[in-house]
Amino acid sequence: MIFDLAVIGAGMSGLAAAIRGAMSGKKVVLLERHTRIGGLNSYYFRQGQTIDVGLHALTNFYQPRQSTSPLFRVLRQLRISYEELQLLPHRSSVVSFPDQELVFSNQREQLLTEIAQKFPAEIDNFMRLIEWAKEYPLSALSGGEYKSARAFLPSIIKDRLLQEMLLFPIMFYGSSWEDDIDLEQFAILFKSIFLEGLSRPKGGVRVILQILQQRLYEEGCELRLGREVVEVVDVKDVSLLLKVRVGAQTEEVFARKVISCAGYLETDALFSKEKVKGMSDEVNIAGKISFTEAIWCCRRTPAWQHAVVFFSKNNQSYYRRPPGLIDTNSGLICFPDNFGEKNEGSERTVRLSLLANFDLWHQLAQSSQSSQTMEYQEAKQQCEAMSVALLRDYFLRQRLDQGPYQGLNQGIDSVLGEVIFRDFYTPWSIHRYTGRVGGAVYGCQKKFRDGRTTHPNLYLCGTDHGLLGVVGALLSGITVANQYIVAESAL
Amino acid sequence: MLNKEKVVHVRQAIVDIIADIAPDENLGDIRDDVALREQLELDSMDFLDIVMELRKKHKIEVPPEDYPRLATLSGCVEYLFPKFPA
C-alpha cells in the first residue's frame, strides 16, 4: 500500500499537517519516534503532577469572535472550538532590565501607558511601530530574504534601551540567529506577544495535544507511535520509501509525498545516498541557540503576579551561545499558575530557562559516558543551583519594600525551600529527545519559507519552515499541507 | 427536482459547508449578492475548505482558476448548479 502522505514527526506542525492532509480525503500516516506526541512541546507525569515541556505560553491570544489572530485561523482550519482550549490569559508579564521595566498584559493600554510613562519621548514612535507591524507583508510560502530587525528598529524607535527591551523577549521567543532576529519574525512575534498577547490552556500543553490527537482519529489519519524514520529512499520519483525502526524491527512505509517537521538538517540526514540539498556548503547553518531549563515543583505557588519574566542583568541584551555551560546574564522565568484568575492554576511550578552551550554539554555527556564519571550529572546540579541563585537574585533586586512585591523575597525562599521535585534539562537532553542538531530549539539559521526542498515530493514544516512558537508551528503545518497536499488533491 | 427547488438545494448545501467551516459565524442574514468575504470572516484558507468539502461531500471538483466564481453565494449557486446532480 502507498500512502498519499507520510508525515515525519508528531510535533505541533506535523500534527497540523497530518490533520489537514487527512481532512482533504488523503490517506495519511504520521510517524513519531516517541510513544507520546508533541515533540518539543510535550509533557510528562511525576509524583501525580503533570509537567509541561516546551510551552510556556501560547501567543496570539484573542477573545471569542475577534478574528484577526492567527490562532483564530489555526483553530478554524483544524476545526477546533475555541472553548475547548480553555485559554487563560496571563495576568501580566514583564521585561526587566536594570534601568527600566516594562509590564504588559493582554490589555494593550497597559503597555501603552508603560511606554508613555517610562519612555515619554518614544510613545508616538511606538504607535508607529504598532502600525508598521500590523501592516507588515507576510511572505510565508513566498520565500522572503532574511533582514535584520536590529538594523531596522532604530528607523522607528530612537531610544536604545527601548530597542533592546523590545528585541529581547522577541528573540527569546523564537530567534535562531544570535543577537538578532529576522525582521518578518520580529513583526509577527511583536504582534503575537504584545498586541494579541499571551495565554495558556487550563491544563497546559497536554490539552492541546489531546485535542489534536482526537482530530487525527476523527479524520482517519493513521498515527504510528514508537516509529523512528531512519532512512528515506527515493523510488524513481514516484514515491518515497521510509525505513522505520520499531524497537529491533524495521518497517517500510511508501508514500507519494512526505512532510517532515524534524528540521532541515535532521531531514537531510535521513537521505543516506542522495542529499536533499548540498550539505557541504551549508555546514554553518546549524542553529546555535539552545537552553537549559530548570523546573521546580513546589508545595505552593509563590505570591507573585507575573506569568513570564524576561530578565536581563545588562541594559544591552545578550542572546547568543554563551562561552560557558550556561549564561547567567539573562533568562526567562515562567510561573504557569499566573495565567487566569488568582488561584486558578494548580501546577505549583516555577520554570527558568537560560541560554546554554550545546557543545560543552555534549562533551561532558560524552566524557562521562566513556570514563564512567559523574561530570555531566555534577554539572547539571551546579547549573541548577546557579539557576536557583539567579531566581533569588532576581527577586531580591525587585523593590520588595513596596507595592505588589512586598514580602516576596521571603516568599520565594520558602517556596523554593519546599520543592517536591526538581528537574533540569540541558541542550543535550533536548537533542536526545528531539533529535535537533545542536539542541537548537528554534531550528537552523536558514529558513525554508516555501516549505520546499530540492526533492519534488518532500516538504518541510515547523521551525525550519520559519514559523515559531506553538501557534506558528500549527500554522506552518496547515500552510504547507494546504499548499502542497490539499490544493493539489484535485489534480 | 424542479430548477427552483434545485437552486434552493444547492444554496443550502453551500451554506451547510460554510457552517461546518466557520461554526462561529451567523449565517442567518447572509446576502446572496454581496461577497462572502465582506460579510463573513473568511480568508483564502477558508475558501480552500469550501472546495475541499465540495469534493468530499458532493464529489464536485473546482479547479483553482474557477475559485473567483465562488466569491458570492449567488455566484456559487450559478457555478455549481450544473455540477450538482439533477
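Throughout, protein chains are lettered first and strands after them, A, B, ... in sequence-line order, and every chain is numbered starting at 1.
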Give me the ring orientation class for A:Phe190 and A:Phe194: parallel if the planes are under 30° apart, tilted from 30 to 60°, perpendicular past 60°.
-> tilted
Side chain / backbone / both / neither for B:Leu42 at chain A, heavy atoms under 4.5 Å | both
Can you tell me which residue pairs pass the ring-ring contact (aromatic ring centres under 6.0 Å, His included) test with a partner in residues 16-62 of chain B, sequence neighbours excluded?
-> B:His58-B:Phe84
Fit a plane to each ring of A:Phe72 and A:Tyr62, take the angle between them on a 0 to 90° scale, and name the class: parallel (under 30°), tilted (30 to 60°) or perpendicular (over 60°).
-> perpendicular
Portion of A:Arg79 that has a non-hydrogen atom of chain B nearer than 4.5 angstrom | side chain
Determine, for B:Glu38 against B:Arg31, whether the closest basic-nitrogen to carboxylate-oxygen distance falls under 4.0 angstrom.
-> no
Side chain from CB out, backbone as N, CA, C, O: work out which of these in B:Met52 comes under 4.5 Å of a heavy atom of chain A, or both, or neither.
-> side chain
